[in-house]
Amino acid sequence: MDVCTTSGELSLKRENWRQAGMKVGLVPTMGALHAGHLSLVEAISAQADKIIVSLFVNPTQFAEGEDFDAYPRTTEDDLQKLRGTKADIVFMPDASEIYGDAVTASLPAGNLGDGLESETRPHFFSGVVTVVHKLFELCQPDAAIFGEKDYQQLLVIKQMVATHDMKIEILQGPTLREADGLAMSSRNAYLSESQRKTAANLNKIMRALCEDYHTAQALSRLPALEAQAIQKLKEAGFTEIDYITVRDSDTLKTPNLETKNLRLLAAVRLGDIRLIDNCPV
Ligand code: PAF
């Protein structure tokens with residue numbers, strides 16, 4: 001496994017692979033790798049001859065006052081974990097490789113970025129789209145994979161690829177969970193022991209909402225079920241509920257009788273720590 005820190009080194013290796021007719025897969029990450037990330041590397045290996053994993057904590061997707069400085073940076077540990085996978089190159093650019101002199105988000109997110117995450121993090125998707133577009137330019141992947149854990153992000157990136165007519169297949173990897181249902185996330189490292197116990201209730205309450213929906217089998221019941229879930233989350237000790245809502249899986253709009261697939265999406269806070277999760281209904 002090679003480690004590249006500059007786009008120059010990366011493109012030389014990438015060009016060799018191109019000349020050999022190899023298919024390249026990219027796994028973009030911000031590091032602090034857990035089993036969920038490693039499962040993405042494994043999943044893309046079925047579609048690619050060579051795999052690039054990027055590790056870059058992207059400043060433009062964090063707003064002032066968010067956790068950019070505190071975001072866990074565990075590079076040695078990440079590299080150690082990746083040596084046990086099929087990764088061929090780890091790309092660890094610094095901000096100037098991605099942004100030059102102007103560290104700003106320059107691409108709009110598209111309408112799938114409206115609402116939900118953007119209600120509380122309006123800067124977020126523009127930062128994500130800008131960095132992912134740049135990583136695609138530098139790595140020239142044939143395919144890239146993103147976790148379903150960040151479901152709205154996944155749709156935003158698919159939309160970006162379609163809008164820019166990029167010939168990159170976007171794959172999605174299922175959310176990996178701890179034994180008690182908590183979705184794996186790099187930010188789980190922030191949780192204290194008691195917050196960690198409370199956090200497990202998020203997925204339990206989400207599963208209960210899905211079960212109740214299947215019993216009720218009525219879209220008209222959804223607002224009441226969502227309100228009930230908010231109440232349960234408060235009682236479980238979550239300090240703020242940004243949203244818990246069932247949406248159309250493809251458009252993220254409020255579902256109607258035409259909607260084929262439903263997705264439950266939630267974002268909650270435990271003090272300063274924000275957790276998100278989603279699942280099919
Ligand atoms: O999901 C993430 O880890 C990040 O948002 C991504 C896609 C690597 C862009 O920085």
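Only heavy atoms go into these numbers, but all of them, side chains included; no hydrogens, no water, no symmetry mates. Numbering of residues begins at 1 and proceeds along the displayed sequence. All values derive from a computational prediction rather than experimental measurement.
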- Query: side chain to side chain donor-acceptor pair (under 3.5 Å) between Q80 and E76: does it pass, once the steps are laid out?
  - Reply: CA-CA 6 Å; Q80 192 54 35; E76 275 318 307; over 6 Å; no
- Would L116 and Y151 count as a side chain to side chain contact (heavy atoms under 4.5 Å, CB included) if you check the C-alpha gap in whole Å, the side-chain angles of each, and the deciding distance to 0.1 Å? CA-CA 11 Å; L116 301 173; Y151 189 78; over 6 Å; no
- Message: Quick one, H37 with K81, criterion side chain to side chain contact (heavy atoms under 4.5 Å, CB included). Give me CA distance, side-chain angles, the key distance, then yes/no.
- Response: CA-CA 10 Å; H37 296 109; K81 286 178 178 158; over 6 Å; no
- Decide side chain to side chain contact (heavy atoms under 4.5 Å, CB included) for L135 and I98; before the verdict, give the C-alpha distance in whole Å, the side-chain angles of both, and the deciding distance to 0.1 Å. CA-CA 8 Å; L135 287 169; I98 302 286; 4.0 Å; yes
- Task: Tell me, with the steps shown, if K50 and K13 meet side chain to side chain contact (heavy atoms under 4.5 Å, CB included).
- Result: CA-CA 11 Å; K50 294 286 179 188; K13 293 186 195 294; over 6 Å; no
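A 6.0 Å sphere centred on NZ of K204 holds more than 12 heavy atoms belonging to other residues, nucleotides or ligands. Counting heavy atoms of neighbouring residues, nucleotides and ligands inside a 6.0 Å radius, atom CG of D67 exceeds 12 of them. For D101, the CG atom sits in a loose shell: 12 or fewer heavy atoms of surrounding residues, nucleotides or ligands are nearer than 6.0 Å. By the neighbour-count criterion of 12 heavy atoms within 6.0 Å, atom NZ of K23 is densely surrounded, having more than that number from other residues, nucleotides or ligands.
The backbone N or O of R269 lies less than 3.5 Å from no partner atom in the side chain of D242, so there is not a single donor-acceptor pair. Side chain of N188 to backbone of A183: a donor-acceptor contact under 3.5 angstrom is found. In this structure, H34 contributes its side chain and G36 its backbone to a donor-acceptor pair below 3.5 Å. Side chain of D180 to main chain of L182: a donor-acceptor pair is present (N/O by atom type, distance under 3.5 Å, no hydrogens or angles). When atom types are taken as modelled, the side chain of E117 and the backbone of Q152 share no donor-acceptor pair closer than 3.5 angstrom. Under a 3.5 Å cut-off, the side chain of T5 and the backbone N or O of P93 do not form any donor-acceptor pair.
Considering every non-hydrogen atom in both T74 and A32, the closest pair reads OG1-CA, 3.3 Å. The two residues L191 and A199 come nearest to each other via the heavy atoms CD1-CB, 4.0 Å.
For H123, there are no ring-ring contact (aromatic ring centres under 6.0 Å, His included) partners two or more places apart in sequence or in a different chain.
Figure legend: cation-pi geometry between R274 and F238 absent, as NZ or CZ is not positioned both under 6.0 Å from the six-membered ring centre and within 45° of its axis.
For N58 and Y99, the side-chain atoms include at least one donor-acceptor pair closer than 3.5 Å. Side-chain contact check for R247 and T245: at least one donor-acceptor pair (N or O, by modelled atom type) lies under 3.5 Å. D142 and Q47 share no side-chain donor-acceptor pair at under 3.5 Å. Q231 and E235 share a donor-acceptor pair across their side chains, judged by distance under 3.5 Å alone.
The NZ atom of K149 sits 15.0 Å away from atom CD of Q172, with the distance rounded to the nearest 0.5 Å.
Two residues are said to be in side-chain contact when any heavy atoms from C-beta on lie closer than 4.5 Å; V128 and F146 fail this criterion.
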